[in-house]
Amino acid sequence: MEEINNFIKTIMEKDLKEGRVKSIVTRFPPEPNAYLHIGHARAIINDFELAKCFNGKTNLRFDDTNPVKEGEEYVNAIIEDIKWLGYTPDKICYGSDYFEKTYQKAILLIKKGLAYVDDLSAEEMSKYRGTLTEPGINSPYRDRTIEENLDLFARMRNGEFKDGEKTLRAKIDMAATNINMRDPVMYRIIHTAHHRTGTTWCIYPMYDFAHPLQDSFEGVTHSLCSIEFDNHRPLYDWFIEKCEMEHVPHQYEWGRLNITNTIMSKRYLRQLVDEHYVTGYDDPRMPTLVGLKRKGFTPEAIKAFILYTGLSRINSTTSADNLDFFLREDQKLKATRPSAIIDPLKVVITNYPSNQVEWIDAPLNMENEELGTRKVAFGKYLYIEKEDFVVEKPNKKWKRLAKDVEVRLMHAYFIKCNDVIYDENNEIVEIHCTYDPKTKCGLGFDERKPNGTIHFVEATTALNATFNLFNPLIEDATEETKELSFLERVNKNSWEVKHGFVESYLKDTKPLMHYQFVRNGYYTTDKLSTSDNLIFNRTCTLKSSFTVDNNKN
RNA sequence: UGGGAUAUAGCCAAGCGGUAAGGCACCAGAUUUUGAUUCUGGCAUUCACUGGUUCGAUCCCAGUUAUCCCAGCCA
């Protein structure tokens with residue numbers, strides 16, 4: 001495993017050395033309302049790996065303080081994803097475990113005159129809050145007596161008020177330049193059953209109030225979150241101090257990680273699923289962990305990607321090349337490498353018997369013979385990749401087949417092209433070659449050097465399978481076509497589902513699948529273990545356009 | 001136009017007062033039964049800009065510019 005090294009680690013080392021903390025405790029606090037994606041993986045990996053560096057502990061804590069958005073389905077999915085990444089939380093807990101303790105701390109703040117029950121409606125409160133440039137003004141309910149607040153808050157809990165009728169607010173400073181400090185709401189009334197506490201509660205703490213207390217209750221030392229919470233840190237510290245928390249956790253922020261041409265926002269991922277642009281959260285086109293898993297990613301590849309990509313306070317966008325690299329690196333010695341032909345060109349071996357097919361032993365991975373061998377068919381009729389043939393050798397650097405040129409068919413024989421057959425439109429139909437029996441793989445033939453090596457499949461034994469281009473696993477060999485589409489960023493604010501993934505990806509980036517199947521054949525055989533000789537049909541289906549508006553609300 | 005954060009190569013990212021690590025991408029060459037892999041070499045006289053402090057500044061200070069975040073009873 002790579003050595004983790006980033007600014008948070010430096011902070012931890014210093015805190016330990018200077019005695020501010022005795023040991024490291026971190027937590028990964030997802031809200032159970034979405035599937036985890038590669039961005040979460042960064043948080044998970046850092047939370048766990050940083051604690052691990054110092055023999056510390058990491059909790060998984062579900063931040064379930066809003067019953068209208070959350071559910072059990074996500075809890076289980078998140079637990080599974082973390083397990084898949086290879087981590088075991090020290091404890092699995094829930095924000096709702098602390099509802100009573102949190103409630104008591106709210107009472108403490110009321111008693112100290114630092115919290116009050118407000119009757120302002122949401123719209124009124126918004127007006128009273130002021131703007132970025134103008135200070136807010138105090139709520140008319142701000143000066144209720146402690147007794148009245150205590151009574152009202154108890155009645156809020158007892159369900160005497162409707163949703164939105166009252167809130168509990170912290171009494172800080174309506175003129176604060178940091179808007180988060182302008183008497184933030186601590187509790188709101190929600191008469192909705194909670195997935196764990198049922199109808200026990202009808203008031204729920206807000207993130208800003210609940211989170212620091214939860215961290216403190218659990219003994220978290222370093223509460224790591226993304227940079228947009230930077231503005232909340234003063235409030236975090238305020239609640240810790242004013243609630244007289246025994247254990248004092250500290251919040252640190254890091255920048256968010258984006259990946260080029262990848263949607264990472266929960267909201268849009270949900271839209272893609274809900275509106276059936278993809279087949280589900282585990283669609284291989286999704287950046288979710290379950291999606292990446294189906295696409296062929298391994299936890300090791302994801303971890304290496306995250307750790308090598310590093311961490312800073314800058315929001316950054318990493319090229320998808322980076323992610324691909326770590327998958328290739330991870331799969332180099334692990335993957336079996338059978339051949340596949342995407343765009344077939346028929347080859348007839350004129351000097352080979354027409355009713356004969358021979359099977360040649362070939363290693364599954366030339367760089368790792370421990371993976372064993374497979375039988376590769378060779379016969380009179382073959383397919384090669386169209387792009388591996390040109391009639392006339394264009395230059396010295398051309399290392400593939402051309403007329404009157406001899407190449408090696410990987411694991412098989414040297415072949416030489418003698419004739420090119422055209423149809424009435426002057427398109428190449430097939431090419432005629434001869435093979436040299438002396439050059440069979442393994443015989444040690446070295447009298448001539450071929451003009452390169454290309455891969456092939458034997459036509460009569462090959463399976464006509466359709467691949468999901470996004471997925472190294474062969475999904476359905478029997479299915480005739482599969483819709484292929486991809487998300488492309490059209491401009492800063494919108495993305496579209498485009499058809500024709502293959503072409504665009506081929507043009508703009510080194511296509512992972514092209515690389516894996518065509519030239520290298522890195523993929524993990526899973527469902528189709530009986531044959532590794534496959535014809536790749538490329539089928540694109542037009543899909544409607546999907547545009548998202550990045551403007552809030 | 002209020003407050004906060006950030007600025008090091010095409011993309012990430014180390015460096016924290018002593019003269020710019022590393023990875024991706026890219027380029028050139030060698031090896032090669034995958035134009036892959038592997039190997040070798042190249043890739044910031046300069047750290048957003050302008051001043052200042054200092055023997056010495058990416059690092060400290062001041063100003064400027066650019067980008068991001070904040071006006072949910074979301075997290």
Side-chain angles (χ1 to χ4, degrees), chain A residues 2 5-7 10 29-31 33-34 63-66 68-70 95 118 120-122 125-127 129-136 163-169 176-182 184-190 203-204 206-208 210-211 225-234 253 255-257 260 266 304-305 307-326 328-329 332-333 337 339 362-363 366-367 388 397-400 407-412 414 439 441-442 450 452-455 509-510 515-516 518-522 552-553:
Chain A
E2 299 68 29
N5 189 24
N6 58 44
F7 72 100
T10 309
E31 183 184 21
N33 71 344
D63 217 336
D64 55 350
T65 56
N66 186 352
V68 304
K69 290 172 67 180
E70 297 148 6
D118 200 346
L120 249 30
S121 70
M125 197 182 290
S126 177
K127 278 186 196 133
R129 185 155 30 230
T131 68
L132 294 177
T133 50
E134 303 156 26
D163 288 11
E165 216 174 310
K166 289 191 183 343
T167 56
L168 182 72
R169 292 231 257 165
T177 52
N178 181 342
I179 293 184
N180 294 309
M181 301 299 273
R182 317 238 260 231
V185 172
M186 293 164 57
Y187 269 91
R188 75 288 213 195
I189 299 168
I190 303 175
I203 56 171
Y204 292 90
M206 298 286 289
Y207 168 87
D208 279 322
H211 206 90
C225 62
S226 47
I227 194 74
E228 69 266 27
F229 289 103
D230 178 274
N231 287 327
H232 296 244
R233 186 158 16 93
E253 309 85 19
R256 294 179 82 100
L257 175 74
T260 52
K266 274 184 196 175
F305 166 71
L307 294 179
Y308 271 101
T309 297
L311 196 63
S312 71
R313 284 175 65 83
I314 312 169
N315 285 328
S316 55
T317 303
T318 294
S319 159
D321 283 345
N322 249 302
L323 231 194
D324 290 352
F325 169 81
F326 287 102
R328 274 183 266 132
E329 192 69 11
K332 203 180 292 171
L333 300 179
R337 305 180 189 180
S339 303
M366 300 282 279
E367 291 177 86
D388 284 348
K397 290 212 160 194
W398 178 257
K399 302 248 310 256
R400 308 190 211 177
V407 295
R408 183 200 310 273
L409 290 180
M410 205 189 307
H411 305 126
F414 288 13
T439 60
C441 172
T453 301
I454 63 173
H455 64 285
T509 59
K510 182 170 287 181
Y515 176 88
Q516 291 196 319
V518 185
R519 297 252 70 95
N520 300 286
Y522 289 4
K552 297 280 166 71
N553 302 319

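Per chain, numbering begins at 1; letters A, B, ... match sequence-line order.
With B:G4, B:C12, B:A36 as the candidates, the nucleotide lying closest to the side chain of A:Thr309 is B:C12. Proximity note for A:Thr177 (side chain, C-beta onward) versus B:A71, B:G2, B:C12: the nearest is B:G2. Checking B:G23, B:U37, B:A71 against every side-chain atom of A:Phe325, the shortest atom distance belongs to B:G23.
In terms of phosphate contacts, A:Arg233 brings no side-chain nitrogen or oxygen within less than 4.0 Å of OP1 or OP2 of B:C70. Not one side-chain nitrogen or oxygen of A:Arg400 sits closer than 4.0 Å to the OP1 or OP2 atom of B:U33. For B:A75, one of the phosphate oxygens OP1 or OP2 lies less than 4.0 angstrom from a side-chain nitrogen or oxygen of A:Thr65. Within the structure, every side-chain polar atom (N or O) of A:Lys127 is placed at least 4.0 Å from both OP1 and OP2 of B:A71.
By the 30° and 60° cut-offs, the orientation of the rings of A:His232 relative to A:Tyr207 is perpendicular.
Separation of the C1' atoms belonging to B:C26 and B:C12 is 15 Å when rounded to the nearest angstrom.
With its glycosidic angle within 90° of 0, B:G72 is assigned syn.
Note on A:Lys397: a base of the nucleic acid sits closer than 4.0 angstrom, heavy atoms only.
From A:Thr10, atom OG1 reaches atom CG of A:Asn5 across 6.0 Å, with rounding to the nearest 0.5 Å.
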